[in-house]
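Below is one structure, written out as structure tokens; the observations come after it.
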Amino acid sequence: MLPEYLQMCLKDLLTKKIGLNFAGSGWQDFELRIAAAAKDAGAADALTYIQLLLDSPPSPANMGTLARHFTVGETYFFRHKASFDALAAHVLPELLQRRELDQRQLRIWSAGCCTGEEAYSIAILLDRLLPQQENWEISIVATDINPLFLQKAERAVYGEWSFRGTPEWVKDLYFTKGRNNTYELIPKIRQRVQFAYLNLAEGTYPSAQSDTDRLDVIVCRNVLMYFSTEEARRVVSRFRAALQENGLLLVSPAETSSTLFPDYSLVHYVGTSFYQPREAVAPKKPALLSLKQAPQAATQIKNMKTAAVNVPRIRPAARPEQKSSAVSWSRASKARITPTRIGGNSESAVELARLARAAADKGNLDNAAQLCEQAIAAEKLNPAFYYLLATIDQERGRIDAAVQALQRTLYLDHRFVLAHFALANLRLVEGRRKDAARYLETVRRLLQDYEADETLAESDSLTVGRLDDIAATLAASLNQDRHTAEYG
Ligand SMILES: C[S@@+](CC[C@H](N)C(=O)[O-])C[C@H]1O[C@@H](n2cnc3c(N)ncnc32)[C@H](O)[C@@H]1O
């Protein structure tokens, strides 16, 4: 058993150097990983290894070893069908159309590319859309922190598992069968992607040298979910600087957040959304998505207002004299919108919750948590206060604490729909897809009791219809990831 303080120091180092967040339960095997990394690095034991890492800044070789053992390498071709559908049907064709008329240039970055499946999937799509690329300058860069992943990406030889969500034509047209059920990507596509080491937690981008500037599309999926909130914010802000006007950033559905992307707008497609730097959205320009081409998507867009696939923010419970037409989280608990008088101090509890929310809005999260805990101390049975605490804890990257607060919320009111939704998102981030699906089911069932245009009282103007849309989209994407459905 490693001494607690050494573990803390190492976790801190890993957060600073790689961006990883160790608050979640995904890292319970921390000691095993350290022991394996120590062995790999040739250290006598884990203790000696940690000491070595802490004594001086880790060398690039040591960073590589750490990355190998502490990053998650899970990917496959055409992962998340809806996103690739949007790229194939809208994002890339629109871009090609625009660029056809001027510089015939396209710049794409797969950040956190793992073993290359994501970047090659984009190269394959582009090959379908633009078979003759001679007169074009197309750059697809793919970067990762793990040197072993990059080596495998460059070899471009894959097993069946890399095709688990992939339509058959991909293998048929773009791979040759090798030994032991392996498939080798044809050279034409392999040569179109440039792989390179890049640590997203370092400020080395955007940069012309690494082709991580003036980008049209950045795809960074299932990476930010492992980062601390602060680091994720820094990465997202650098991405913004790396994108050119009208550029788009794609993250995974589980990483969509109403707070992480303050300087971006959402561009919606069927079953997926992209982020676009806010200034770049010129209101008079035609939308990227041609509504004529996609009537189904048009309906969806009409229904969507602002997406918030995250714990929606809450307003503190209304004061007794306030009247609101907004619906409560549950009909059964409507009466509880008015704080109960347990502890005899509900007025000040509401005020404390209001201050907590204000502090959270300013980014003073520790202060916000303190105020919220005081509100709870003053009024122990108000589920809305636990829910507020959960949103703050989630922002602080304290996922276990957020889960606990959400469970308390539900203990006090099992029909608190936003708490079910928040738990669905947290389970999704942890990769507990079945649990996430169950929570989403509950969300949708509870929402049936309301009218679509009713506003959820504890959210920032989130409507019942909108939340149902988001829950349905997430549930569908879970379903689709699970069944390795044919593509196209
Ligand atoms: C789960 S994989 C995602 C792969 C692919 N984007 C997808 O969604 O299928 C996460 C990748 O992020 C990489 N990664 C983790 N921390 C990183 C960092 N600080 N800089 C760059 N890449 C990082 C890991 O090495 C891993 O390859």
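Both counts, for ligands and for their atoms, begin at 1 and track the order of listing.
- Salt bridge annotation for R234-E231: present, with a cationic side-chain nitrogen under 4.0 angstrom from a carboxylate oxygen.
- Regarding atom 3 (C) of ligand 1, its nearest protein heavy-atom neighbour is R221 O, 3.5 Å.
- Put simply, the side chain of R192 never gets that close to the backbone of I124: no donor and acceptor are under 3.5 Å apart.
- Atom 12 (O) of ligand 1 has as its closest protein heavy atom V223 CG2, 3.6 Å.
- Between H69 and R33, the shortest heavy-atom distance links the atoms O-NH1, 2.9 Å.
- The aromatic rings of F70 and F30 sit tilted relative to each other, their planes meeting at an angle between 30° and 60°.
- Protein heavy atom at the shortest distance from atom 17 (C) of ligand 1 is I145 CG2, 3.5 Å.
- Less than 4.0 angstrom separates some heavy atom of C114 from each of these atoms of ligand 1: 4 (C), 27 (O).
- Ring geometry for Y275 against Y264 counts as perpendicular: the plane angle is over 60°, on a 0 to 90° scale with 30° as the lower cut.
- From the protein, the heavy atom lying nearest to atom 26 (C) of ligand 1 is V72 O, 3.3 Å.
- Which of R68, R79, E255 comes nearest to atom 7 (C) of ligand 1 through a heavy atom is settled by distance: it is R79.
- Ranking protein heavy atoms by distance to atom 9 (O) of ligand 1, first place goes to T75 OG1, 2.6 Å.
- Set against the non-hydrogen atoms of L198, the atoms of ligand 1 under 4.0 Å away are 20 (N), 21 (C).
- Residue-ligand proximity, L200 to ligand 1, at heavy-atom distances under 4.0 Å covers atoms 18 (C), 19 (N), 20 (N), 21 (C).
- In terms of protein heavy-atom proximity, atom 15 (C) of ligand 1 is nearest to T71 CG2, 3.4 Å.
- Aromatic ring centroids of F77 and F175 lie under 6.0 Å apart.
- Here the closest heavy-atom approach between residue H268 and residue S273 is recorded as ND1-OG, 3.0 Å.
- Of all protein heavy atoms, the one lying nearest to atom 8 (O) of ligand 1 is N222 ND2, 2.8 Å.
- Considering backbone and side-chain N/O atoms, A111 never comes within less than 3.5 Å of an N/O atom of ligand 1.
- Atoms of ligand 1 lying under 4.0 Å from any heavy atom of F149, numbered from 1 in the order shown and given with element: 25 (O), 26 (C), 27 (O).
- Judged by distance alone, with hydrogens and angles left aside, the side-chain atoms of T15 form a donor-acceptor pair with the main-chain N or O of L20 at under 3.5 Å.
- Among N199, V219, V235, the residue whose heavy atom sits closest to atom 18 (C) of ligand 1 is N199.
- No option in R107, R240, R238 other than R107 meets the salt bridge (charged side-chain N to carboxylate O under 4.0 Å, His left out) test with D213.
- What sits closest to atom 27 (O) of ligand 1 on the protein, heavy atoms only, is D144 OD2, 2.6 Å.
- A salt bridge between E160 and K171 is present, with a side-chain N of the basic residue lying under 4.0 Å from a carboxylate O of the acidic one.
- Annotation: L20 places no N or O atom under 3.5 Å from an N or O atom of ligand 1; distance criterion only.
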